There are 2 protein chains.
Amino acid sequence: MSKYESHLDLCFSALGDPTRRMILQRLARGKASVSELAACHDMALPSFMAHLKKLETAGLITSAKQGRTRICQLSPDAFAPAKDWLSEQSDIWEGRLDRFDTYIETLLQEDDT
Amino acid sequence: MSKYESHLDLCFSALGDPTRRMILQRLARGKASVSELAACHDMALPSFMAHLKKLETAGLITSAKQGRTRICQLSPDAFAPAKDWLSEQSDIWEGRLDRFDTYIETLLQEDDT
DNA sequence: ATAATACTTAGCAATGGGGCTAAGTATCGG
DNA sequence: CCGATACTTAGCCCCATTGCTAAGTATTAT
């Protein structure tokens with residue numbers, strides 16, 4: 001369960017941390033070096049780098065070294081897999097004919113709890 | 001950092017597990033009892049229930065007891081917060097004028113690595 | 001009343017996530 | 001060449017996650 005983690009596992013898990021989402025928000029506005037990114041996070045550099053590594057492993061960002069500096073940026077279509085999965089589920093849910101009835105029905109049943 | 005976890009943290013973290021995504025996929029097709037949901041997962045019931053609890057804490061599903069049976073279903077708009085966050089980031093990314101140039105530039109720079 | 005069913009609670013073990021410091025490597029500037 | 005800069009690696013700590021079993025509770029069926 002840890003060796004064959006799917007891309008979606010990695011992707012959603014990576015998104016489940018506020019530090020990492022903030023990094024992504026910053027990178028959506030343009031590429032940046034590790035230390036530029038780290039500047040506004042009150043965290044030791046190795047800890048911060050671990051977050052970058054998770055984002056890269058999840059395919060959400062890419063990075064490359066220029067001299068002693070590492071430049072990071074969002075992967076093109078970084079969010080597509082996550083968005084696609086979510087949309088798929090929403091579509092199935094919204095396509096259900098009895099969706100609304102089911103919900104009302106349950107609201108009523110909650111009185112019995 | 002663990003007491004004030006945002007809704008998005010809980011939501012994305014919940015989505016980062018294949019068992020939990022399978023539960024959501026099943027529930028997108030209609031509500032079901034705990035044992036119905038558990039049937040196709042090779043896992044002890046308490047372990048399985050822990051997954052349901054995470055989904056409920058994240059606001060992705062709701063559940064209510066009918067007699068000795070607990071019925072689960074997707075929350076209406078369960079995926080909206082996650083989808084909205086992702087769309088927001090994508091929009092910012094796609095709105096960047098230098099997006100394409102930036103990417104090409106980096107591809108070229110990778111030769112130096 | 002009893003037994004079966006459907007969870008539920010309690011408690012434990014293994015693992016991984018997320019933080020740290022200290023020390024190492026690889027440029028760059030002078 | 002030497003010091004400063006920008007990561008990078010190694011190793012440790014603590015707590016959360018994810019699985020388990022065993023035992024408990026609440027309904028339903030007989």
Side-chain angles (χ1 to χ4, degrees), chain A residues 1-6 8-24 27 31-58 60-73 109 112-113, chain B residues 1-6 8-24 27 31-58 60-73 109-113:
Chain A
M1 190 79 85
S2 62
K3 230 178 173 180
Y4 294 103
E5 253 185 327
S6 80
L8 278 178
D9 288 11
L10 296 170
C11 193
F12 280 125
S13 300
L15 291 167
D17 179 281
T19 299
R20 288 193 292 263
R21 283 199 309 279
M22 280 163 71
I23 295 171
L24 293 172
L27 288 178
K31 58 186 183 180
S33 72
V34 169
S35 34
E36 279 165 4
L37 291 171
C40 58
H41 296 272
D42 186 18
M43 192 182 292
L45 196 57
S47 313
F48 186 77
M49 296 283 297
H51 285 298
L52 291 177
K53 190 167 187 186
K54 282 218 154 186
L55 288 170
E56 193 155 12
T57 302
L60 293 170
I61 70 172
T62 60
S63 74
K65 244 186 152 172
Q66 292 180 24
R68 59 186 166 179
T69 304
R70 178 172 292 279
I71 303 293
C72 303
Q73 65 183 312
Q109 283 161 353
D112 305 339
T113 312
Chain B
M1 191 79 85
S2 62
K3 229 178 173 181
Y4 294 101
E5 249 185 330
S6 79
L8 278 177
D9 288 11
L10 295 171
C11 193
F12 280 126
S13 300
L15 290 168
D17 178 281
T19 299
R20 288 193 291 264
R21 284 199 309 280
M22 279 163 73
I23 294 171
L24 293 172
L27 288 179
K31 58 186 182 179
S33 72
V34 169
S35 34
E36 278 166 6
L37 290 171
C40 59
H41 296 271
D42 188 16
M43 190 180 294
L45 195 56
S47 313
F48 186 76
M49 296 282 298
H51 285 297
L52 291 177
K53 190 169 185 183
K54 283 218 153 187
L55 289 170
E56 194 156 10
T57 301
L60 294 170
I61 70 171
T62 59
S63 74
K65 245 188 149 169
Q66 293 179 25
R68 62 187 165 179
T69 304
R70 178 173 292 278
I71 302 295
C72 305
Q73 66 184 311
Q109 282 161 352
E110 273 167 7
D111 295 339
D112 305 340
T113 311

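Just so we're on the same page: letters track the sequence lines, and every chain starts at 1. Since the structure is predicted, the reported quantities are computational estimates derived from the model, not experimental observations.
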Please state how far atom [atom1] in [X] lies from atom [atom2] in [N], giving the value in whole angstrom units.
X	N	atom1	atom2	result
Lys54(A)	dG16(C)	NZ	P	11 Å
Asp9(B)	dA16(D)	CG	P	14 Å
Lys53(A)	dG16(C)	NZ	C1'	14 Å
Leu10(A)	dG16(C)	CG	P	13 Å
Met49(A)	dT21(C)	CE	P	16 Å
Arg70(A)	dA26(C)	CZ	C1'	12 Å
Leu52(A)	dT9(D)	CG	P	13 Å

*asked:* By nearest atom, which of the nucleotides dG19(C), dC7(C), dG18(C) is closest to the Asp17(A) side chain?
replied: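 For Asp17(A), the side-chain atoms sit closest to dG18(C).
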
Distance-only donor-acceptor pairs under 3.5 Å for side chains of residues 36-47 of chain A, two or more places apart:
unit_1	atom_1	unit_2	atom_2	d
Glu36(A)	OE1	Ser33(A)	N	3.0

*Note, Lys54(A) side chain near Leu60(A) side chain (heavy atom, < 4.5 Å)*: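 No; the side chains remain at least 4.5 Å from each other.
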
_Minimum heavy-atom distance between Asp17(B) and Asp9(A), given as atom pair plus value_ =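 For Asp17(B) and Asp9(A), the tightest heavy-atom pair comes out as C-OD1, 4.3 Å.
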
*With sequence neighbours excluded, tell me which residues meet side-chain contact (heavy atoms from CB on, under 4.5 Å) with Leu10(B).*
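Leu10(B) satisfies side-chain contact (heavy atoms from CB on, under 4.5 Å) with Glu5(B), Thr57(B), Ala58(B) once adjacent residues are dropped.
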
*Could I get the full list of side-chain hydrogen bond (donor to acceptor under 3.5 Å, both in side chains) partners for Arg70(B), not counting sequence neighbours?*
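In terms of side-chain hydrogen bond (donor to acceptor under 3.5 Å, both in side chains), with neighbours along the sequence ignored, Arg70(B) is linked to Ser63(B).
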
*Are the side chain of Arg20(B) and the backbone of Leu15(B) linked by a donor-acceptor contact shorter than 3.5 Å?*
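Judged by distance alone, no pair lies under 3.5 Å.
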
*Which nucleotides of nucleotides 20-30 of chain D have their base under 4.0 Å from a protein heavy atom (B), which only their sugar-phosphate (S), and which neither (-), written as one string 5' to 3'?*
BBB----BS--

*Would you tell me if any nitrogen or oxygen in the side chain of Thr69(B) comes within less than 4.0 Å of OP1 or OP2 on dT5(C)?*
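For Thr69(B), the contact criterion (side-chain N or O under 4.0 Å from OP1 or OP2 of dT5(C)) is not met.
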
